[in-house]
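To keep things clear, I will list the structure first and then write my remarks on it.
Numbered from 1 within each chain, the chains take letters A, B, ... in sequence-line order. As the structure is a computational prediction, the values presented were derived from the model and not from experiment.
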2 protein chains.
Amino acid sequence: MSKMRSECPISCSLEIFGDKWSLLIVRDLMFYQKSTYGDFLKSAEGIATNILAARLQALEENKIIEKREHPDSKAKVLYRLTHKGIDLLPILFEIHLWAEKYFTIPEDLKEMINDAKKNKEIAIKTITEQLKKQLEE
Amino acid sequence: MSKMRSECPISCSLEIFGDKWSLLIVRDLMFYQKSTYGDFLKSAEGIATNILAARLQALEENKIIEKREHPDSKAKVLYRLTHKGIDLLPILFEIHLWAEKYFTIPEDLKEMINDAKKNKEIAIKTITEQLKKQLEE
DNA sequence: TATTTGCACTTGCAATTTGCAAGTAAAGTT
DNA sequence: AACTTTACTTGCAAATTGCAAGTGCAAATA
């Protein structure tokens, strides 16, 4: 992180994930158990291969994700969220709630966070802990 | 909103504000009482005039902001948040909290939301109501 | 009333970024 | 040994961004 536009926390954050793709990769890691380059490519939005590579590198440089050996094969690379990445959960959650209010969202996606909506704080805490536990391996 | 990449709420949202500038305009409207083209231009990040014009138009098309007559002069245009725009507050708030944790943020900016941190839900509700009240004029 | 200033943009153009399609290299499979 | 899978890289066209310089209307000033 060399020269930032300003010291504003919002601005600094947007310099890291202020684009159309970065948070989708985080979403995939967080909610859909995706963890490889191929997994991310398969997502419905259809990211281009070079863009995906660029975003993964940027997310890694910014310590949102990290690369690990894949247990199945050396040909695969396993990506996973860092603590810093996991802490993006509340942001993604609020985006989800906002979108639910203002877009037509498929029912199954709505239900996915229906419980969490009732007691937000606790739900976020629980999921965060769960994700961070997975990092201890 | 014609053809979206997917029906994912996160993806739909990013198609609206997934860039380096849109949420900064919302920030300026929400927290810094900025309301004119000239106001936004003055912000520390230094947005280019054509980019600002493009973003304002996009935000307006997406009903995040709306144009009004400026009370002082016909030469000025007053921009303000819609309900939909005000409802972005929780997202900006969470981004702020995340940034505080992972960046070095000026003390005065930290203090700005120090109270709000203690009882998040209530703070957000209060500020939201306050902003929506201003719309009734 | 004529002139200058302020405000909200627009325009032209170079530089950067995005996106598509094809290619490469290492690892795993048959 | 040949083929496939996986994770990229590369080349190039198209779109977007960013800078600098206008433009046009409103308002203030001379």
Distance under 4.0 Å to a non-hydrogen atom of chain B counts as contact; along DNA chain C, which nucleotides mark the start and end?
dC7(C) to dG12(C)

Assess whether atom NZ of K132(B) is packed by more than 12 heavy atoms of other residues, nucleotides or ligands within 6.0 Å.
yes

Categorize S73(A) for me: base, sugar-phosphate, or nothing, with a 4.0 angstrom heavy-atom threshold over every strand shown.
sugar-phosphate

Would you check, one step at a time, whether the test ring-ring contact (aromatic ring centres under 6.0 Å, His included) holds for W98(A) with F93(A)?
CA-CA 9 Å; W98(A) 183 82; F93(A) 190 80; over 10 Å; no

Write down the distance between CG (D19(B)) and C1' (dA15(D)), rounded to a whole number of angstrom.
15 Å

In whole angstroms, the gap separating C1' of dC12(D) from CD1 of I51(A) amounts to 13 Å

Check DNA chain D against residues 32-40 of chain A and give the residues with a non-hydrogen atom under 4.0 Å, in numerical order.
T36(A), Y37(A), G38(A)

Whole-Å distance, R55(A) CZ to dA7(D) P, equals 19 Å

Here the distance between atom P of dT6(D) and atom CD of E69(A), to the nearest Å, is 18 Å

Any side-chain heavy-atom pair from L59(B) and Y79(B) closer than 4.5 angstrom?
no

Give the rounded distance in Å between these two atoms: CG of N50(B) and P of dT23(D).
17 Å

Go nucleotide by nucleotide along DNA chain C from the 5' end; which of A75(A) and H70(B) gets its closest nucleotide reached first?
H70(B)

What nucleic acid atoms does K67(B) come within less than 4.0 Å of, heavy atoms only: base, sugar-phosphate, or nothing?
sugar-phosphate

What nucleotide, of dC8(D), dA27(D), dG18(D), holds the atom closest to the side chain of A53(A)?
dC8(D)

Under 4.0 angstrom between W21(B) side-chain N/O and dT17(D) OP1 or OP2
no

Do we get R5(B) above W21(A)'s six-membered ring, with its NZ or CZ under 6.0 Å from the centre and within 45° of the axis?
yes

Name each donor-acceptor pair under 3.5 Å that joins a side chain in residues 102-119 of chain B to protein atoms two or more places apart or in another chain, with its distance.
from, atom 1, to, atom 2, distance (Å)
Y102(B), OH, D87(A), OD2, 2.4
K117(B), NZ, E100(B), OE1, 2.9

Residue pair Q134(A) / Q130(A), side-chain donor-acceptor N/O under 3.5 Å:
no

Between P of dT16(D) and CD1 of I47(B), the distance in whole Å:
16 Å

Are the side chains of L89(A) and M30(A) in contact, using a 4.5 Å heavy-atom criterion?
yes

Modelled atom types, side-chain donor and acceptor of S6(B) and E45(A), under 3.5 Å:
yes

Taking CG from L56(B) and P from dT17(D), how many angstroms apart are they, rounded to a whole number?
14 Å

Result for side-chain contact (heavy atoms from CB on, under 4.5 Å) between R55(A) and one of I65(A), I25(A), L24(A) points to I25(A)

Taken to the nearest whole Å, NZ/K42(A) to C1'/dT6(D) is 10 Å

